[in-house]
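Residue numbers start from 1 in every chain, and the chains themselves are labelled A, B, ... in the order their sequence lines are given, proteins ahead of strands.
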Protein chains: 2
Amino acid sequence: MNIGSVSAKSGLPAKTIRYYEEIGLIAPDRTPNGYRDFSDTHVHKLTFLHRARSLGFTIEDCRTLLALWEDKARASAEVKHIAQDHLAEIETKIADLMDMRDTLAHLVDTCAGDHRPDCPILKQLSGETPDEKEA
Amino acid sequence: MNIGSVSAKSGLPAKTIRYYEEIGLIAPDRTPNGYRDFSDTHVHKLTFLHRARSLGFTIEDCRTLLALWEDKARASAEVKHIAQDHLAEIETKIADLMDMRDTLAHLVDTCAGDHRPDCPILKQLSGETPDEKEA
DNA sequence: GATAAAGGTTCCAGCAACAGGAAGGTCAAG
DNA sequence: CTTGACCTTCCTGTTGCTGGAACCTTTATC
């Protein structure tokens with residue numbers, strides 16, 4: 001199967017598939033003309049990678065998960081551990097972003113957003129405590 | 001003022017300050033020995049940048065915000081617009097991460113995490129519908 | 001048979017926003 | 001005079017691709 005079809009089936013851009021080969025995540029065969037030749041197993045792996053990536057796992061996590069997936073004697077604890085670590089990182093990111101959001105939302109709310117130069121957003125960034133809307 | 005003191009005052013690593021100079025965010029003077037020489041204004045700018053960056057604004061946003069900050073005739077609408085766009089991006093990121101978190105949390109929850117190979121996480125990634133904990 | 005479109009190939013550059021480290025100059029203290 | 005703490009520049013690496021150039025192959029059409 002050519003890379004185009006695999007791209008369509010796995011949902012990954014051809015560029016990404018080539019990249020995954022380059023970093024050793026997948027190893028397609030080659031036809032005599034030099035084209036990559038993928039089997040259904042390769043497609044399955046790539047689909048797996050696509051799903052794992054869209055859950056935010058890093059490439060290195062994906063590499064490990066793929067190995068565990070192929071290891072029929074793995075312990076599910078290993079997989080769970082990776083997922084839990086990743087989950088914790090996501091929670092942290094969410095918390096950080098929510099802090100940013102709260103601060104920003106407040107600033108946006110207090111800024112008149114008109115033609116005048118007075119701006120609580122810039123005030124806060126420059127270290128001044130911006131005036132509140134209501135005292 | 002040397003870069004070390006500025007780093008301490010602004011909270012930015014010296015490396016970052018040099019980088020900011022390289023990309024034209026700041027332009028310190030030089031002493032005869034070649035050392036960078038920062039004024040209080042420079043420190044103030046860097047502190048501004050530090051705050052803006054920690055609210056997640058991109059470097060290019062920061063560049064614009066800094067220019068608006070220096071432009072005493074700016075319209076606060078311009079600042080508000082940037083902040084609102086950024087806020088929207090943050091909201092999107094939070095939503096994406098929360099989707100990931102929900103899926104992952106569910107998977108982690110259904111995985112026994114013991115010595116056995118059976119693993120709902122891998123099942124889901126490989127495209128099988130994993131069994132639920134309770135039917 | 002000529003040609004053009006639609007695949008495929010490799011390789012190189014670039015993104016964001018720095019961080020790490022090498023090799024070396026400078027300065028103040030003991 | 002040496003030691004150590006600074007400072008300098010320059011180069012590489014990070015993460016996960018994406019875009020583009022320059023070039024083959026295959027297939028369809030005239």
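- Residues from residues 17-29 of chain A placing a heavy atom under 4.0 Å of any atom in DNA chain D, listed by number, are A:Tyr19, A:Tyr20.
- Side chains of A:Ser39 and A:His42: a donor on one and an acceptor on the other come within 3.5 Å.
- First and last contacts of DNA chain D with chain A, using any nucleotide atom under 4.0 Å from a protein heavy atom and ordered 5' to 3', fall at D:dG16 to D:dT26.
- Just one of B:Tyr35, B:Phe38, B:Tyr20 meets the side-chain contact (heavy atoms from CB on, under 4.5 Å) condition when paired with B:Pro28; it is B:Phe38.
- Phosphate proximity of C:dA17 to B:Arg63: absent, as no side-chain N or O sits under 4.0 Å from OP1 or OP2.
- In this structure, B:Thr16 reaches the C:dA19 phosphate: one of its side-chain N or O atoms is under 4.0 Å from OP1 or OP2.
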Let me see the working for B:Arg116 and B:Asp118 under salt bridge (charged side-chain N to carboxylate O under 4.0 Å, His left out), right down to the final yes or no. CA-CA 6 Å; B:Arg116 290 173 299 172; B:Asp118 183 61; over 6 Å; no
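- Of the residues near DNA chain D, A:Leu12 and A:Tyr35, the one whose nearest nucleotide (by heavy atom distance) lies more toward the 5' end is A:Leu12.
- When rounded to the nearest whole Å, the span between NZ of A:Lys15 and C1' of C:dC15 equals 14 Å.
- Each of B:Asn33 and A:Arg30 has a nearest nucleotide on DNA chain C; the 5'-most of these lies closest to A:Arg30.
- Contact annotation: A:Arg36 reaches the phosphate of C:dT9 (side-chain N/O to OP1 or OP2, under 4.0 Å).
- Taking A:Thr64 as the reference, A:Leu68, A:Ile82 meet the side chain to side chain contact (heavy atoms under 4.5 Å, CB included) condition, with sequence neighbours excluded.
- In this structure, the NE2 atom of B:His50 is 13 Å from the C1' atom of C:dC18, given to the nearest Å.
- Side-chain contact between B:Met1 and B:Asp40: present, with at least one pair of heavy atoms (C-beta onward) separated by less than 4.5 Å.
- Taking a cutoff of 4.0 Å between a charged side-chain nitrogen and a carboxylate oxygen, B:Glu21 and B:Arg18 do not qualify as a salt bridge.
- By the 30° and 60° cut-offs, the orientation of the rings of A:Trp69 relative to A:His44 is perpendicular.
- By the 4.5 Å heavy-atom criterion applied to side chains, B:Leu87 and B:Glu91 are counted as neighbours.
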